[in-house]
Every structure is written in C-alpha cells, then in structure tokens.
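Let me begin by presenting the structure, written as structure tokens, before commenting on it.
In what follows, every heavy atom counts, from backbone to side chain, and hydrogens, waters and symmetry copies are set aside. Whatever order the structure lists ligands and atoms in, that order sets their numbers, starting from 1.
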Amino acid sequence: MPAQNAQVLFPVNVDGPFDYEVPYGMEIVPGDFVFAPIGQQMKLGVVWGLQPAEDGRSLKPLAQKKSCPSLPPIMLKFVDWTARYNCASPGMVLRMVMSSYKALEPSPVVTHFRPSGNTDLRLTAARQIILDKGGPFPARASEIAERAGVSAGVVRGFAEIGGLLAESLPVDQAFQIPDPDQEGLDLSAGQRDAAEKLIAIQKKPGFSVSLLDGVTGSGKTEVYFEAAAEALKQGGQVLVLVPEIALTQAGMKRFEARFGAVPAPWHSALGDAERRRVWREVASGRAKLVVGARSALYLPYPNLQLTVVDEEHDTSYKQEEGVIYNARDMAVVRAMLSKQSVILASATPTLESLVNARMGRYNHIVLPERPGAITLPDIDLVDLKDHPPEKGDFLSEPIIEAAWTALSRGEQAMFYLNRRGYAPLIICRHCGDKLKSPDTDSWLVEHKKTGRAICHQTGFSMRMPKVCPSCHAEDSLTSVGPGVERIAEEAARHFPEARIEILSSDTSGNPEMIRQRMARMEQGEIDILVGTQMVVKGHNFPNLTFVGVVDGDLSLVGGDPRAGERTYQTLVQVAGRAGRADKSGHALIQTHQPQHEALQALAAGDRERFIAAELSMREMLGLPPYGRLAGVVVSGPDVKRTEDLAHKFVSLAPRAEGIEILGPSEPPLARLRGRFRRRILIQANAGIDLSAYMRNWRQRMKVPSKYRLHVDIDPQSFM
Ligand code: ADP
C-alpha cells in the first residue's frame, strides 16, 4: 500500500484537521478514532480524511488507532456543515459529538446470578425465598436481595455453595426494541389522513421536510408516532427532539405506551453512566428510538431515518453558548445530508417554516381540530390607560372581576407574567440608586420567598440588604414592578379564600416537580395559578376557564425583530390553557399597546391576519424569512479596547452588494460577568450566502487573547 497521510480533527478550538503520517501497517478509514501528538500531548481525535503521502514532507506519525467503532461518515459531513454554516470551529462541533469519552470504551461488567438448578443442596428458608422471589434472573446480588427480602451477603453465600451461577454481564444494557406494530390510538378521520400522508412520505426514499401544523391537543404527537412507526418498520433510527422542559416522565410514558419500549433519553441532566450507555447504543445502531433535547441531534446515528422536531418554534432549540446553532435548522441540514425526512410540529409554527411550506419547499400538513382539543378562548384586551390598577397594584379591575366569575363557578383562574421573583427592580428611595449585579449590567431581582436579591443573567445572589449599599440609608430600599411572587401576594389580598400557587423555575425546581405542581392544578387542588412561561407547556387544565395576562407588552420591547411573533406564540399558548370544548374559556391581556398587530390579531382570533401583517412588515424591512441576519458580539475585559476592536472589525468588512452593517452598539447587556460587550448586526438580502460572507470577514481579524468575537447566524437573542 502506498504511504498515506491522515487528516485528524481534534475536539478542541481549531479551524480544521492536522496532517499526520500513517505508520506502515496501520489500517485506518475516515471516522476512526486515533491518538496523535499535538505539542507534548497525546490527544484523541478523529480521522477526517486520507491522502497519498507527499514526497519530502515529513510529518509526525499517528500514535495509535483506538479500538472502538468509528464515527459514521455522515457525522463527518454534518460536523463540517455545522461548523461552516455557523462560523464555528469544526473542532468544537466535534467536541459536541464526542460527548461521552467513556462510550468509546467497552461497557464495564457486573456479576449477575441465576439459579444453577442444583437440587442436591440443603435449602434454608432464606435460600428458598431467593429462588422463589429473587427473579427475574439473571440479576445483580443487590436486586435479588431486595426482591427476596434478604441481604446481598446471603445471595452471594448461596452462589458460593453452588446454588446460584455467577456470570459477568455488561453494565450497559441495550434499550428495548420499540414495536412499531403495537396498536396506537384510534385516530380521527383528520388525524388518519395526516398520518397517512406522513407515512407515504416516509416510504419514499430521500430528503423531505413536513410541517405538521395543528392546535395544541389536535393530536400531532399521535400523528407523528405513525410516521415514526413507519421509519422503525424500515429498520431505521428515529429521533424526536423536544424542548428540554417537556422531557418529563409523563412525556416518556407516552412513547412507551405507543411502542412498548422505553426510548433512549438524552438531556443535560443525564448522568455519566446513562450518557455512556445512550451514546454507545446509538452509535451501534441498536438504540432505535431516541427522545431528547437539542444536543441529541449530535449523537452518532448510523441509520437515522426520521427526525421529529416537536414545538419547532421553541426558542430552546437555539444554543446560545459555545457553538451557536439552531437545532431545528440543523435537523433539516442533517436530513438533507443523509437524505431522510424531518417533521416539524407546532401549534404556532415560525414564520420561516410557514413561508417554506407556502413556497412548496416543505410539505404542509394541517391537522383539523378535534373535540377535546384546546381551541382559543375569547380573548379581549384591557387597555391599561382606561383601566389602571390601584396604586401599587398590577391587576386591573376587569381581570379581578373575571377571575371572581371563574372562581365563583367553581372553576380555576391563572395569572400569567413572565417574570420570576417578587420585583424586577430594587431602588433606594433615599439616593435613587438601583441595585445592580456586581459584574453585569443587569438589575438585581428581589425574591421575597428566599429573602435574596438575584441576578437572572448570571445567577449571582446575595441576602436582601437592610441598608442601601450606596448611601447606607436604612430601610430605604423599595421594590419596583411586578414579578410572579408579587402578583401572588396581590391575588391573595383580592381572593383571601383561594388556594394560590406560583409556578416558575425558582419555586418548582426540576421538570418533575413542575409536572407535579401542574398535576395538582389539573386535579383542582389549586384555585389560582400564578405562572411564568413554565405554564405554557405540558399539562392541560380542564377546569381552568380564565387566564389573565398581567403584562402583554413584556416581550414586545427591545430590538428583537421577532418580538411580535414571540408574543403572539406565547400568548396563544398561554390563553389556550383556558377552556376546553365543553367549557368555554376567557382570556384578558393587559396592555399599553392595544393597537399592536400581534395583540389585535389575538383578540380577533385571527392567525392568518397576524401572519399576513407580520410577513408584509418583514418583507418591507428585509427581515427573515425575506432577508438574513447575523449577529456579532465582541467582548473583553476593557471597555475602550472592546469598543475599538468592534470598530476595527466593522472597518474590515468585505465590500458586498446587499449587505448592511449596523453598529457596533451597546447592547442591553453591555457587561456580562465582568466582560464588556458590543454588538454588530448584519442584514443581508435573501439569496446571499451570509455564512460564507461572515467566514471571510471573520478571518480578517485576529482577536487578542482575553477578547472574544462570536458570530451568531440568524440570531434569536439581541441582549
Ligand atoms: P398535540 O401534540 O397536538 O398537542 P396530542 O397528540 O398530545 O396533541 O394529543 C392531546 C391529547 O389528546 C393526548 O392526551 C392524546 O392522547 C389525546 N388524543 C389525541 N388524539 C386522540 C384520539 N384519536 N383518540 C383519543 N385520544 C386522543
């Protein structure tokens, strides 16, 4: 065999692979894991390509091939694509893929026991119980002991005298195989129609994207289950992406009920052992059904046939740190590269997806409403100019009255405000100073329950001070504005008899606790729920008939071009919590901007009108989906130098038609964790390869150490 060179990509912040000589006799292919020297270190990387060796070029040799399965070829393409599109380092994307080093080792083993069948032994009562109750076998000593109600020592002792046989089995068990032929629910005619369309698409080989569009409760999950069943029948792997908060036990149970097997889970809270198990089982192709948060997209599926992105409009699909990417978009790219299908499901699809569907690039599958589905309640706006709340209060008369009406009928009410804590601002009445995070341009938020002042950007937290930190005046600190705790306090004054609870990430902790509180609401153990965006997802509350939105304008402020769309999506979901087919619901939205198109469309219950207005505005302004955006954030420890660097970067921009550069400007979050920040916004005409442009631009400037320059393609956050 002629001498070869290998290009090896390492999971570190580098622009691309490094070249090595392949030692004589070492057989490798792209995707293999290898050890190779970088500097003084020996590092694990992945063979990215092979080339005939060039004469006269002397390279360091690869040290060793790791004996483990290699990355499927598609992953190499996908890593490169992700890095190019998002202007990220391919090494850092590879690092996301290599999310469990332990998965590259064989599974650890553990001793299991099973009855030997030896009938000559004297059986004590404890040993007899082991045989009778200790199964199913084979099992660990501790499992057998627990089932039999004896100690593990008794189990091992029984094995020593030959009553049980010991064998070493891998700790990491395979996942159960999902059964696509298990009966699902009896689908309604509309659901069946949609399911059949998706099954037909799944049967056709090749790339496709389908937008599954239907109100909450119309049965989208049941319908995409059918497409998943078809992909499983073909022997493929299926990935269902869900927002992290929806990864509850109850959610997983639905998959189990439909396919008779617990799916492989993937999310940020997974322990090391479970990560190792899932990664390895996915890589081997044995895990057929994966349900996970966005990073599950970067597991090494050798045979992915279908990816479902549930709640495709959800902002949690955008990763904002490290490699900045949108998992919804990358799922489509992954499907294009491996010629498979994607289903994007939502009750409030993004305008990008709707336009793609209307242009015929995506299949548009609309689910008709079914009885029991949540339909939008009557929505009215409360103009805060006409109905100002009492001094110091935040709930207007119409909202209080409507909640009374619901409670007096024995029904439930909900107040929605997407603000955690008690008050978003703590101000000194004496000197006028506002309490600020020490290293971040963000106000401290009062949390009365815990008696602390907390920065929601960085998590910084301190005891609520008794004196003003600036002027040292005593008892001068006062809370300004509402958070959910304060709304709950106000509600308790208006409704002294009611059982009032708060649902927010502070009060409810992990997804399971949130689910429990939601379940209590569902069972009628709460009269008034005061909630942040946590309430938007998950359970439906059959007895909830009134929703009051405390601040309908909250997400309309700021420079986010999608603010109207976000407000619309969130409020549809929030208002949609009220009422079911048999009990009509009512929602009131307090606002200072009753003329805003998003709020008007909500009040009119007219989605088409909102979409049309929003699209024509975007078209006029050249915003997505009619134009493209990129964001750049320059950050560093010195404010002047950060500002200068941002200006220098702008001056280096390649000249191009159809590109406009705005900034640098000071963003709302001008300092974060001690680093100063400047923002640049780039707006490009549709059809321009903005990623290529940004890559070219980025390469023109070397950023000094301690300073950073992040490119964000299609930014979702403008903080
Ligand atoms: P979506 O995903 O659109 O919000 P789901 O698929 O979660 O809707 O359905 C909402 C609820 O209605 C679920 O509890 C589901 O089991 C139930 N459901 C949906 N379709 C049917 C059906 N054809 N028969 C019985 N129950 C159904």
Counting only heavy atoms, tell me which of Arg258, Arg254, Glu222 gets closest to atom 5 (P) of ligand 1. Arg254
Got a sec: does the CG of Asp186 have more than 12 other heavy atoms crowding it under 6.0 Å? no
Atoms of ligand 1, numbered as shown, that sit under 4.0 Å from any heavy atom of Leu187: 23 (N)
Hey, is Arg499 close enough to Glu525 for a salt bridge, meaning N to O under 4.0 Å? no
I'd like the name of whichever of Leu212, Thr221, Asp186, Asp213 reaches closest to atom 22 (C) of ligand 1 through any heavy atom. Asp186
Could you tell me whether Arg420 and Glu485 have a side-chain N and a carboxylate O separated by less than 4.0 Å? no
For Gly214, state whether at least one heavy atom is located under 4.0 Å from any atom of ligand 1. no
Answer yes or no: is there a side-chain heavy-atom contact under 4.5 Å between Arg334 and Met75? yes
Out of curiosity, is Val215 lining ligand 1, as in a heavy atom under 4.0 Å away? yes
Does any N or O atom in Leu185 lie less than 3.5 angstrom from one in ligand 1, N or O only? no
For the pair Tyr298 and Tyr325, name the ring-plane relationship: parallel under 30°, tilted 30 to 60°, perpendicular over 60°. perpendicular
